[in-house]
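For reference, the structure discussed in these notes is given below.
Bear in mind that the values here come from a model prediction, so they are computed numbers and not experimental data.
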Amino acid sequence: MRRLPLFLLLIVTAAAIVLAARPRKSSDVVSAADSLKAEYIYLEAVTAREEGRLDDYLMLLRRASQLLPGDPYIDASIAEMTFGLPTTDSLAREEAYARLAKRFDADPTDAYNYSSYVSLADHLGRFDDVVRVWERLDTMLPSRTDPAMNLATALLRRYSVQPDTADYNRALALMNRLEKALGPTMALTAKKINAYALRKDTLSIIRDLETLAASAPGDVNTALFVGRVYDAINRPDSVIAYYERAQEIDPYDGRVNLSKAQFYHSRGDSVAFDREVFKALQSPSMQFEEKLGLISDYVVKMYEDSTQRPRIEQMFETLQEVNPGEADLHALYGAYKATVNEVDDAIEQLSYSLDLNADNREVWFNLVSLYAHKQDMDGIIASARKAMKLYPGDAYMSLQASSALAMQERFGQALAILDSVNIDEVPSPEVASMVYASRGDLLYRLGDRDSAFAEYSRAIEENPDNFMALNNCAYHMAESDSDLGRAELYASIATASDPANSTFIDTYAWVLFKKKDYAKAREQIDSALKIIGIIPGEKPDDSNADEASAEILDHAGDIYFMTGDRKEAVEFWKMALRQLPDNELIKKKVQHKTIFFE
């Protein structure tokens, strides 16, 4: 079923409501029976539209039109559908537009008739028709102000694309007429100022601002409005004068302090800016949401400048004193602390936030991520499990908790958590692939190799670009001496995706070693060694080595041994043993100066 643009959906919906209540108009040649039948079919069309059956709606409208030809209301409903359907038939669109005009002419004062027609005319850039509508309504409804205001707007819109002084003068005359009847208002003055701006008429802007200010000397909103416009036309003395007037009218209105703060910030006066910001934060009249938005905007602009951090801290402390117990404030403070790498303080603030409002997945996500950043496995597990009670089966929380449990070698518990994930509800194939790959890692560690490889296959099927899954599957195939051809393919793809990844290159080297292609294996392991800071052929230096690279060093020893460089092989094993002193297999290689396999 075709879909309509939103504004046309609104038009069609409104048309259905209006027409359902409107008596049908028939010509002399239409029988009473056909007229009643058309009315009935039209009501069926309305029902179809309300149920979203737009194709049925259009079909029923056409049947009603056949029974009651020339009815401006049925014809206009069909026209609205024509504009909602994709077509390149310009003639059909012109006919449809004419039908909307005909319905307007049939009853110009009907709100739906004129609003739908003028909305479409404006959308299509037919400004002459827009002007015609509001001119007619201004004449027919002299007691209402909206036709005159809309006519002035339409004239200025037409003037902006087709400059004609007559349009400009008529628009101003209409607005002056309204001002005479209603008195100066902010809305009307804003309209006039926009008109003056088209001609860069600053003197007229100032004149009308002063007239407005004089009409409401005790109104804070008026003083703030006038001040902001003066700011826009770069009259700083007048800006401050009107902001001060607003402050005199209501010394406790935080909006005044906020306006002054924005003014001082734009001019680089940080002292005055801070003063007004803190006054705004302490204002009892400002809503907490406004204050939170203020401090959020401040943090975004200032956090990269370390000299601003004491000011930011003071702002948070001030707002916490004025508005204690706000979960969103602690969440924002925690996010800021994380940004400046104060991880423990960030965790504390996010925990406060969750104590006040536990149902905030974004805060849980940030908290778990911070524990992961600290490599605090207990923190990850505890926070992720709490979140999983609120969001059962959440893939991210499950993956984090499972990973942390695996790091503690609690493989069975880690697998059980991943079993709770509903794959059908994960947000993307990429995430599903991560779940399958993690299950593969765990099943392999638990000795269920066949199931592990099945999970890796699912991971790669879901996301062929899951290079970690490709790498891990290839490595475990090499370790188990199974399907080494596919293992080489997977390893080569992973390595090509990230040529600077020493782990991927080591896997590729190890697969080649298991295939007894020792020369190619040595080429690859030499590349991995260079990445971890060890230059083959030079005096070994393991100062840059760590536990993560110990496996690469051990593999290098085995590969060098099988290529005849036994002295170098022993040196690599020694370096690996310094990182893993409890590894009995490496100890045995060093002691006997020969290769052994598990």
Side-chain angles (χ1 to χ4, degrees), residues 1-124 126 129-130 132-137 139-141 144 146-147 150:
M1 186 173 291
R2 295 184 175 94
R3 301 292 299 276
L4 293 176
L6 178 58
F7 80 94
L8 286 173
L9 284 174
L10 296 175
I11 287 175
V12 173
T13 303
I17 295 168
V18 172
L19 290 172
R22 181 189 305 284
R24 301 264 54 83
K25 297 183 178 181
S26 60
S27 68
D28 294 336
V29 297
V30 176
S31 69
D34 282 347
S35 180
L36 286 173
K37 189 175 182 180
E39 182 76 26
Y40 176 76
I41 292 173
Y42 179 77
L43 291 175
E44 284 189 334
V46 171
T47 300
R49 172 65 191 89
E50 290 173 348
E51 293 175 353
R53 295 182 288 114
L54 299 183
D55 288 343
D56 290 343
Y57 175 64
L58 182 56
M59 180 269 292
L60 290 166
L61 285 177
R62 286 172 174 162
R63 285 177 58 189
S65 180
Q66 289 171 354
L67 291 166
L68 201 59
D71 183 281
Y73 304 99
I74 294 176
D75 286 351
S77 296
I78 295 173
E80 287 165 342
M81 288 295 291
T82 300
F83 276 103
L85 301 175
T87 178
T88 57
D89 188 341
S90 58
L91 180 59
R93 292 175 72 85
E94 283 298 324
E95 290 176 353
Y97 184 78
R99 289 178 175 183
L100 292 176
K102 184 178 177 182
R103 183 178 63 185
F104 166 71
D105 289 331
D107 188 358
T109 60
D110 181 279
Y112 180 77
N113 288 354
Y114 68 70
S115 62
S116 58
Y117 175 45
V118 82
S119 174
L120 183 57
D122 187 72
H123 176 74
L124 296 175
R126 301 191 176 192
D129 289 339
V130 177
R132 181 178 75 88
V133 168
W134 295 121
E135 281 178 335
R136 190 165 179 184
L137 290 171
T139 301
M140 298 179 71
L141 304 170
R144 284 173 44 176
D146 54 309
N150 286 319

Spatial distance of atom CD1 (I41) from atom CZ (R62) [nearest 0.5 Å]: 14.5 Å

Salt bridge R103-D110, side-chain N to carboxylate O under 4.0 Å: no

Validation row: R63, L60 side chains within 4.5 angstrom (heavy atoms): yes

Minimum heavy-atom distance Y42-A64, with the two atoms named: N-CB, 4.4 Å

Cation-pi geometry met for R126 and Y97 (6.0 Å, 45°): yes

Spatial distance of atom CG (L100) from atom CG (L120) [nearest 0.5 Å]: 6.0 Å

Note, R136 side chain near F104 side chain (heavy atom, < 4.5 Å): yes

Pairwise distance OG1(T47) to CG(D56) - rounded to 0.5 angstrom: 11.0 Å

Closest non-hydrogen atom pair between P108 and Y114, with its separation: O-CD2, 3.2 Å

Least distance between heavy atoms, V130 atom then D122 atom: CG2-N, 3.6 Å

Point-to-point distance, once rounded to the nearest 0.5 Å, from CG of D129 to CD of E135: 11.0 Å

Distance (rounded to the nearest 0.5 Å) between L137 CG and D146 CG: 8.5 Å

